[in-house]
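First up is the structure itself, then whatever we jot down about it.
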Amino acid sequence: MRTFVKYSPLMIAKHVASFFKGTFEIAEQGTFKFDGGKVIIDQNSNERQRKVGKEVNKIIAGFLSARRRDVRYE
């Protein structure tokens with residue numbers, strides 16, 4: 001489990017995409033789980049945790065779409 005001292009969505013997205021499954025913690029905001037390279041948003045999460053999860057997942061989706069555009073077939 002990695003602890004982030006401050007909320008940095010890009011760093012968190014890189015961590016989630018790299019390790020694919022696990023947990024991380026953001027100081028003052030709580031613990032989050034991720035699986036399949038995406039943050040899991042639980043039903044019992046508060047509004048701030050949902051917002052963080054959605055933002056990180058959106059950045060990860062941007063990583064994946066950028067990879068797909070870089071592939072060139074000849």
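Here the structure is a predicted model, which is why all the values come from computation and not from measurement. Computed from heavy atoms alone, side chains included, the values below leave out hydrogens, waters and symmetry copies.
Remark: of the listed residues Arg50, Arg48, Gln49, Arg48 is the sole one forming a side chain to side chain contact (heavy atoms under 4.5 Å, CB included) with Val52.
Checked by atom type and distance alone, the side chain of Asn57 never pairs as donor or acceptor with a backbone atom of Lys38 at under 3.5 Å.
We find the CZ-CD1 distance between Phe32 and Ile40 to be 12.5 Å, quoted to the nearest 0.5 Å.
With sequence neighbours excluded, no residue satisfies salt bridge (Lys or Arg N to Asp or Glu O under 4.0 Å) with Glu28.
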Distance-only donor-acceptor hits, side chain of residues 4-25, under 3.5 Å, sequence neighbours excluded:
residue, atom, partner, partner atom, Å
Tyr7, OH, Glu55, OE1, 2.6
Ser18, OG, Lys14, O, 2.7

